[in-house]
Amino acid sequence: MKVTARSTPNIALIKYWGNRNNDLRLPAYDSLSMTIDTPSVDITVEDSENFSLRSFLADGTEKNLEEKDIARFMKHRELTNHYLHFLGIEEMIPENIAITIESGIPPSIGLASSAAVFSCIAKCYGSFGGTELNDEQVSVIARLGSGSATRSIFGGFSAIEAGDGNDIDTAKGVQIADESHWPLYDIIIVPSQEEKAVGSTEGHAIAQTSPDWTQRVEAMPRRQSECISAILNKDFEKRQVVSEEDCMDMHHVMETSSTPLKYLSNETHRILGEVKELRSSKHLEVLYTMDAGPTVHLFCTPDARADILSFANAQQGCTVFETTVGPGTSMIEKA
Ligand code: PMV
């Protein structure tokens, strides 16, 4: 058997940071995002005589995988087997498989490459063998590799419902509105292509050490429901206010945890200052958000797109991606 799936990153508007169970990546609270249409990753999983994992970059060069990368995929497969056992279908994925990743996403720049990769591999696993898992089940498998990958299964706008307890299936993805609901753009400004020092897996594990963690957790249900209703009502301003508040609060928790994690650079802050000025002088519908890196995401409406794009392209030494709402993870080939 051979299956190939395609997926893309999603960018959170209400951020996931911190778990109630690190091993199973069970988030501490709900979160919400928009799935973008590009750049994408394709993954092929096929029967093989041995286990193998190979990863190729956009230009076709093979990435040198470190031991910790391979260990993460092995752990993900082990956890996936636990979940399949829980569903009563553990024989779905054979012991020996060959996994080939073809990624168009520059690694570790805050562009959620792990979300695209683990949602994509989850789709392959969920279609391997006779049984086809549904999107909710595939989202659980995605979560076992990267919490935010839970949301990339779905097109448009989606959430992680964190649930409670420690059962493997208690946190899952759910679609809030599909990709035709609200045509928005995410113009992405990447100030630096350096790999980040501390990855999000390690970051989640120390989130609770911030003195302001409890305050964050308490604010999350309000933020989540405000953002969901802003999306359903296409209320840009309400969505802007709540998602910027949440983004800066997440970075505050990151920067006050022990060890402090400082993902935003001087360049990020300079860009934010200029965006705010541009927004008020031209009355543009644009909001900013940043994940675990210096990359700035500028979400905007079609009316603001041309101004935001020319602002982004004027940034010296930055890479710019233009994206819009994407359709989520899909099956490319099954043979
Ligand atoms: O899925 P992870 O473990 O890489 O966590 C991602 C966390 C953030 O990108 C910072 C926020 C989010 O909700 O995507």
Side-chain angles (χ1 to χ4, degrees), residues 1-7 16 19-27 41-55 65-101 103 113-154 160-174 199-202 204-205 329-335:
M1 167 152 289
K2 180 176 175 180
V3 290
T4 303
R6 175 168 298 162
S7 193
Y16 150 58
N19 292 317
R20 66 176 186 274
N21 179 323
N22 286 313
D23 200 41
L24 294 179
R25 295 179 192 269
L26 290 167
V41 46
D42 285 3
I43 296 186
T44 299
V45 176
E46 58 196 312
D47 290 305
S48 169
E49 288 185 359
N50 326 300
F51 175 82
S52 69
L53 173 66
R54 300 181 73 187
S55 181
L65 291 172
E66 289 175 31
E67 225 160 87
K68 72 171 178 19
D69 299 322
I70 298 166
R72 185 166 177 183
F73 279 87
M74 300 296 279
K75 171 95 190 285
H76 179 241
R77 204 165 63 114
E78 190 190 311
L79 290 171
T80 300
N81 281 338
H82 287 183
Y83 177 56
L84 295 175
H85 178 74
F86 176 89
L87 294 175
I89 45 173
E90 64 265 49
E91 71 289 354
M92 241 176 106
I93 306 168
E95 183 73 16
N96 290 321
I97 47 171
I99 303 170
T100 310
I101 303 170
S103 178
S113 61
S114 66
V117 166
F118 283 101
S119 54
C120 200
I121 200 165
K123 184 73 183 165
C124 294
Y125 285 166
S127 307
F128 215 86
T131 321
E132 191 83 33
L133 299 189
N134 64 34
D135 283 351
E136 191 183 280
Q137 292 167 327
V138 173
S139 80
V140 171
I141 298 180
R143 193 203 79 226
L144 297 170
S146 158
S148 60
T150 317
R151 300 180 306 237
S152 270
I153 300 303
F154 306 92
I160 302 176
E161 289 181 348
D164 47 38
N166 280 311
D167 286 343
I168 198 163
D169 68 335
T170 46
K172 52 189 76 129
V174 60
S200 42
T201 299
E202 294 93 323
H204 290 298
T329 308
S330 61
M331 180 57 60
I332 301 293
E333 198 189 337
K334 183 169 175 171

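Side chains included, hydrogens not; waters and symmetry mates left out as well; all remaining heavy atoms used. Position 1 is the first residue of the sequence, and the numbers go up from there. These numbers were taken from a predicted model, which means no experiment stands behind them.
- Listed by chain and number, the residues in a side-chain contact (heavy atoms from CB on, under 4.5 Å) with N50 amount to none (sequence neighbours excluded).
- For S55, the side chain to side chain donor-acceptor pair (under 3.5 Å) test picks out no residue, with sequence neighbours left out.
- From M92, atom CE reaches atom OG of S127 across 7.0 Å, with rounding to the nearest 0.5 Å.
- Legend: residues meeting side chain to side chain donor-acceptor pair (under 3.5 Å) with H82, ordered by chain and number and at least two apart, are absent.
- For residues 113-139, the pairs satisfying ring-ring contact (aromatic ring centres under 6.0 Å, His included) are F73-F118, H76-F118, H76-Y125, with sequence neighbours left out.
- Contact annotation: the side chain of L87 approaches that of L133 to within less than 4.5 Å [non-hydrogen atoms, C-beta and beyond].
- The stretch residues 68-77 participates, sequence neighbours left out, in these salt bridge (Lys or Arg N to Asp or Glu O under 4.0 Å) pairs: D23-K75, E66-K68.
- Between T150 atom OG1 and I141 atom CD1 the span is 11.5 Å, to the nearest 0.5 Å.
- By the 4.5 Å heavy-atom criterion applied to side chains, R143 and K172 are not counted as neighbours.
- The two residues G147 and Y16 come nearest to each other via the heavy atoms CA-CE2, 3.5 Å.
- Note: T131 OG1 to L84 CG = 9.0 Å, rounded to the nearest 0.5 Å.
- Between A142 and I153, the shortest heavy-atom distance links the atoms CB-CD1, 4.1 Å.
- Contact check for T201 versus R25: side-chain heavy atoms found under the 4.5 Å cut-off.
- With sequence neighbours excluded, the residues that form a side chain to side chain donor-acceptor pair (under 3.5 Å) with S7 are S119, T329.
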Enumerate, atom names and distances included, each donor-acceptor pair closer than 3.5 Å involving a side-chain atom of residues 160-171, sequence neighbours excluded.
| unit_1 | atom_1 | unit_2 | atom_2 | d |
| --- | --- | --- | --- | --- |
| N166 | OD1 | N21 | ND2 | 3.2 |
| T170 | OG1 | R20 | NH2 | 3.0 |
| T170 | OG1 | D167 | O | 2.7 |

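- S52 is linked by a side-chain contact (heavy atoms from CB on, under 4.5 Å) to A98, counting only residues two or more places apart in sequence or in another chain.
- At distances below 3.5 Å, at least one donor-acceptor pair connects side-chain atoms of D47 with backbone N or O atoms of M1.
- Contacts of D135 classified as salt bridge (charged side-chain N to carboxylate O under 4.0 Å, His left out), with partners at least two apart in sequence or in another chain: none.
- Atom-to-atom distance recorded for I101:CD1 and D42:CG is 11.0 Å, nearest 0.5 angstrom.
- With sequence neighbours left out, the salt bridge (charged side-chain N to carboxylate O under 4.0 Å, His left out) criterion links K334 to E132.
- L144 approaches Y83 most closely through the heavy-atom pair CD1-CB, 4.1 Å.
- In this structure, the side chain to side chain donor-acceptor pair (under 3.5 Å) partners of T44, at least two apart in sequence or on a different chain, are T4.
- A side-chain hydrogen bond (donor to acceptor under 3.5 Å, both in side chains) with S114 holds for exactly one of S200, S148, S146; it is S146.
- Atom CD of E78 sits in a crowded spot, with more than 12 heavy atoms from other residues, nucleotides or ligands closer than 6.0 Å.
- Between the CD1 atom of I121 and the CD1 atom of I99 there is a distance of 4.0 Å, given to the nearest 0.5 Å.
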Discussion item. The test is side-chain contact (heavy atoms from CB on, under 4.5 Å); show your working for V140 and Q137 and say whether it passes.
Written reply: CA-CA 5 Å; V140 171; Q137 292 167 327; 5.7 Å; no
